[in-house]
Amino acid sequence: MLAGKHILLIIGGGIAAYKSLELIRRLQDQGARVTPVLTKAGAEFVTPLSVSALAGTPVHQELFDLTSEAEMGHIQLSRSADLLVVAPATADLMAKMAQGLANDLASTLLLATDTPVLLAPAMNVRMWEHPATQRNIAQLKADGAGFVGPNDGSMACGEFGPGRMAEPDEIVAAITAKLSDGPLRGKRIVVTSGPTHEPIDPVRYIANRSSGAQGTALARALRDRGAEVVFITGPAEVPPPEGVQVVPVQSARDMAAAVEAALPADAGVFAAAVADWRVASASDRKLKKSKDGLPVLEFAENPDILKGVAQMTSGRPALVVGFAAETNDVVDNATAKRKRKGCDWIVANDVSPATGIMGGSENAVTLISEDGAESWPRIGKDEVAARLADRIAAALAG
Ligand code: CTP
């Protein structure tokens, strides 16, 4: 995905710096060349040796380094890259950037460049929430910097809240999106995919036959058009695409929580085959055969993720797309489903066993929108994904 791209990675001083080592790996796996820069504080958390060994190139640390001045200089260093990535972006580094300070190599590179910049902030929650940091972030956004994260979570300092650096694959997804020139560039799209597993006990679960193939193909097609994709997947048969943020989940309730955490987004595409019901009280021990008879499973209804997002009163994605797998009266059922759920489009298909669609490589879908039903011929799932991604791009552009 990133073949031929050159990333200048500035590693700031924070405990999250260790994740930047993994980030170097992931970027290289995608074909990118990484030139690392380590701040003085960053070098307190990761060693220059590990950074340069992973990057396969010397790490830049000093502003007035005679060799690099003679060879190329910091101005050229900052401009030769396709993208400058700061991970972790500390409160201090962002404050310097917002003020235009240039008193060390990292801040000088960031000031001397006309290359796009992506920041992955990481800091203590109080520092993140401080009005000074928020002011700096607003300024940096106004100056055109892109952001990925921070995420909520427990931190090394023992506190909980926003401030954790985004995970390496999230950063790779944001980089891929930023470097794309496709029609969905700058758009964030949440995709659910695959089946869900609803536990009965620690070893047994209820599932369905979804392979995750259509959702995966769609995430790939959206990524290829430049979207930043958050791919929330149940335990699927097919591997998730590269260059997207993958959030693996098991149950419908996990999926609902992951979707909530991934919003806001420009579009939500709900291709998962979510179980409608779960076992009301899954056992925390393996159920045993008993002479008292067969176990009786009681069911509870799962949250309807698509409906929840489609009917959000504030912060609803501009486009909400659902899928409807039907075995009969496909168009009528799916048209009613679109109304019931409140989504913009329904991608309906006939999954009766005779069609071989569930788990197969082809799909025959009908796209149902406010304007009516449009049936597409039976084509490969990749082709369905490509057509749908083009439609989504057109809708978000309009
Ligand atoms: N869906 C969801 N959450 C659920 C159930 C379904 O997000 N708990 C989404 C699916 O991802 C899909 C759409 O809703 O996009 C349609 O799913 P389907 O199971 O066909 O809809 P239901 O409302 O369950 O209708 P039915 O009565 O046909 O089962």
Side-chain angles (χ1 to χ4, degrees), residues 189-199 205-219 222 229-236 238 240 247-263 265 267-280 299-312 316-317 319-353 355 357-359 363-369 373 381 384-385 388-389 391-392 395:
I189 303 187
V190 174
V191 178
T192 68
S193 180
T196 61
H197 283 184
E198 306 299 328
Y205 56 82
I206 296 172
N208 60 63
R209 292 186 198 282
S210 166
S211 64
Q214 188 62 81
T216 303
L218 192 55
L222 294 167
V229 177
V230 185
F231 184 67
I232 300 169
T233 176
V238 295
V247 184
V249 295
Q250 294 283 323
S251 69
R253 285 194 294 177
D254 296 344
M255 189 173 272
V259 167
E260 199 184 326
L263 294 175
V269 182
F270 297 89
V274 186
D276 289 323
W277 311 284
R278 66 177 180 277
V279 176
F299 288 94
E301 197 165 331
N302 271 328
D304 190 321
I305 306 167
L306 169 65
K307 191 171 171 183
V309 173
Q311 300 187 2
M312 279 170 76
R316 180 192 190 270
L319 183 68
V320 178
V321 182
F323 279 65
E326 306 287 345
T327 52
N328 53 284
D329 304 314
V330 178
V331 172
D332 285 352
N333 281 338
T335 303
K337 196 169 280 182
R338 190 185 85 86
K339 286 234 167 67
R340 198 166 65 237
K341 304 240 187 190
C343 56
D344 302 299
W345 301 349
I346 282 269
V347 182
N349 60 4
D350 184 345
V351 291
S352 42
T355 64
I357 280 174
M358 201 92 170
N363 208 349
V365 308
T366 301
L367 181 62
I368 292 166
S369 67
K381 286 185 176 173
V384 171
L388 210 49
R391 283 297 185 91
I392 291 171

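Both counts, for ligands and for their atoms, begin at 1 and track the order of listing.
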Could you tell me, for ligand 1, which of its N or O atoms are under 3.5 Å from any protein N or O, listing the pairs and their distances rounded to 0.1 Å?
unit_1   : atom_1 : unit_2 : atom_2 : d
ligand 1 : 3 (N)  : I305   : N      : 3.0
ligand 1 : 7 (O)  : I305   : N      : 3.4
ligand 1 : 7 (O)  : L306   : N      : 2.8
ligand 1 : 8 (N)  : P303   : O      : 2.8
ligand 1 : 11 (O) : F270   : O      : 3.2
ligand 1 : 11 (O) : A272   : O      : 2.6
ligand 1 : 14 (O) : K341   : NZ     : 3.1
ligand 1 : 15 (O) : F270   : O      : 2.6
ligand 1 : 15 (O) : F323   : N      : 2.8
ligand 1 : 15 (O) : F323   : O      : 3.2
ligand 1 : 20 (O) : K337   : NZ     : 2.5
ligand 1 : 21 (O) : K337   : NZ     : 3.3
ligand 1 : 21 (O) : K341   : NZ     : 3.4
ligand 1 : 23 (O) : K341   : NZ     : 2.8
ligand 1 : 24 (O) : D276   : OD1    : 2.8
ligand 1 : 24 (O) : D276   : OD2    : 3.1
ligand 1 : 25 (O) : K337   : NZ     : 3.3
ligand 1 : 28 (O) : K337   : NZ     : 2.9
ligand 1 : 29 (O) : D276   : OD2    : 3.2

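In this structure, the side chain of N208 engages the main chain of A273 through a donor-acceptor pair within 3.5 Å. For T192 (side chain) and A271 (main-chain N/O), a donor-acceptor pair under 3.5 Å exists by modelled atom type. No side-chain donor-acceptor contact under 3.5 Å links Q250 to the backbone of P235. Between the side chain of T196 and the backbone N or O of A275 there is at least one donor-acceptor pair closer than 3.5 Å.
Between F299 and W277, the two ring planes are perpendicular [angle over 60°; tilted spans 30° to 60°].
Residues passing the salt bridge (Lys or Arg N to Asp or Glu O under 4.0 Å) test with K307, sequence neighbours excluded: none.
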